[in-house]
Amino acid sequence: MADDDLEDALRRLGRQLDIPPGPSPADVAAAVRARLRPVPPARRSPALRYAVAIIAVLVTGVAVTVAVPPVRAAVLEFFRVGGVEIHDGPGPALPATPTLPRQTVDDLAEAQRLTGLRITAPEQLGPPDDIVVIERRVVSLVYRPTANRPAIQLDVFDGRLDPLFAKYLSIEGARQVDVGGATGWLLPGPHEVIYLDDEGRQRRESARLAATTLIWQRDVTTYRLEADLPPDQLIAIAASLPS
Amino acid sequence: MAGDLDAYEVLVARYSALARRTAVLLGAGADAEDVVQDSFVDAFGSLHRFRPGAPFRPWLLRIVVNRTKNLHRGRRWRLVLELRAGIEPDTVLDPEQLALDGLQRHALLGAIRSLPGSYQLAVTCRYFLDLSEEETARVLGWPRGSVKSRTSRALARLRARLVDAPAVSRPAPGTAAREAEERR
């Protein structure tokens, strides 16, 4: 038997070996955590089973700074993002164009009609220059740059933030802020947003602007505001969104 | 420090299946769950000593392997390689092919069990845990050259054992040349 054939046969055999099922990855993780530091019992979320998929996405494009505590830095180093490794330094280039079906609509009312979402424009900005509906789940309000301000984009996602997303934002160095009563997170660089649609399925959206981003949730809708603006201005714009 | 624990939880979730597979194959049996947990707890404790950029996988599995071996301290330690019951075929095959595959599986497994323990370990790491040579060296604590030589010797012995097995259809290397020579 040729070597290649034998090695293939061995790998096939490996896949057929009996490994009795054990506790789920989430349960193992919870058990290990409990031993490292006991936590109150009411805490555990079933969303941890998404952890493996999520973490890879969350740290895309965010530079790991020298100031990150050693343990966290060590753990961040371990993650591979679908073949892209996390390095100390600037994040990977943003994807060129999203491949999801998108259509440009003329006004907010039509975007509302297509998605069932309540779409309003921040009062501080006024009506957007372009409105793009993506797969009937995301509406992007695009503001082209003017003399007074850079390009701004507000994305509205039909879904709640995946609970784990909040947890791992802290790893990325996101800063928690208040957005008109709701909790928001400020992110310094490009990233993805993971949200759960109304059927509880995970959805992802990538950043398109290399800018500061503010993410917040209101009821069952998630928002992302991207602009090369100081954080307090982003927060003000976000807070000016009619409720 | 909560952020560190959060991050580590994700790491544990990601590697728990592989850790379990390693423990089970190396004979942990009913203790596999404990071995896996203990290994992760252990690993966390020394995480601060970790060189940035160093891979986690072989480092974790080394802890798992050592803990599993220590389970049976004093007693003879061996790998546990068993086939699953009722294995589904990878592709649709005719019944004869299925039967041959079954024979080949058992023949191969039997041949592996007849190998010296270190050869079995090499085969397990390289082909059943899908570790690279480098990773295998780290996990088993062997020089890389030993991984290489033990693996290739294992393959040679397996090949020799399987020549007699019913499902092998390819002629041994050199047969064609020999037959051509004899015809002249």
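Chain naming here is simple, since letters A, B, ... match the order of the sequence lines and numbering starts at 1 in each.
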Q.
Rounded to the nearest 0.5 Å, what separates atom CG in Leu17(A) from atom CG in Leu79(B)?
A. 10.5 Å

Q: Provide the closest heavy-atom pair for Phe128(B) versus Leu10(A) in the form atom of the first, atom of the second, distance.
A: CE2-O, 3.3 Å

Q) In Å, rounded to the nearest 0.5 Å, how long is the span from CG of Leu155(B) to CG of Leu6(A)? A) 5.0 Å

Q: Considering non-hydrogen atoms only, spot the tightest contact between Glu9(B) and Ala29(A) and give its length.
A: O-CB, 3.4 Å

(Q) With a 4.5 Å cut-off on side-chain heavy atoms, are Arg35(A) and Asp38(B) touching? (A) yes

Q. Any side-chain heavy-atom pair from Ile19(A) and Leu25(B) closer than 4.5 angstrom?
A. yes

Q: Quick one: pull up CZ in Arg105(B) and CD in Gln16(A) and give me the separation to the nearest 0.5 Å.
A: 4.5 Å

**Q.** chain B contact via Pro21(A) - side chain, backbone, both or neither, heavy atoms under 4.5 Å
**A.** backbone

**Q.** Which atoms of Gln37(B) approach chain A - backbone, side chain, both or neither, heavy atom under 4.5 Å
**A.** both

**Q.** Contacting moiety of Val24(B), where chain A heavy atoms sit under 4.5 Å
**A.** side chain

Q.
Please classify the contact of Ile112(B) with chain A as side chain, backbone, both or neither, using a heavy-atom distance under 4.5 Å.
A. side chain

Q) Roughly how far apart are Tyr127(B) OH and Glu7(A) CD, rounded to 0.5 Å? A) 3.5 Å

(Q) Looking at every non-hydrogen atom in both residues, tell me the closest pair between Pro25(A) and Ser16(B) and how far apart they are. (A) CA-OG, 3.3 Å

Q) Mind checking whether Val32(A) and Phe44(B) have side chains closer than 4.5 Å, heavy atoms only? A) no

Q: For side-chain contact (heavy atoms from CB on, under 4.5 Å), just list the numbers for Leu83(B) and Leu13(A), CA-CA rounded to whole Å, side-chain angles, deciding distance to a tenth of an Å, and then say yes or no.
A: CA-CA 8 Å; Leu83(B) 288 170; Leu13(A) 184 68; 3.6 Å; yes

Q: Below 4.5 Å from any heavy atom of chain A, which atoms of Val123(B) appear? Answer side chain, backbone, both or neither.
A: side chain

Q: Would you name the heavy atoms of Arg21(B) and Arg15(A) that are closest together and state the gap between them?
A: NH2-N, 4.3 Å

**Q.** Which portion of Asp130(B) sits near chain A, non-hydrogen atoms under 4.5 angstrom
**A.** side chain

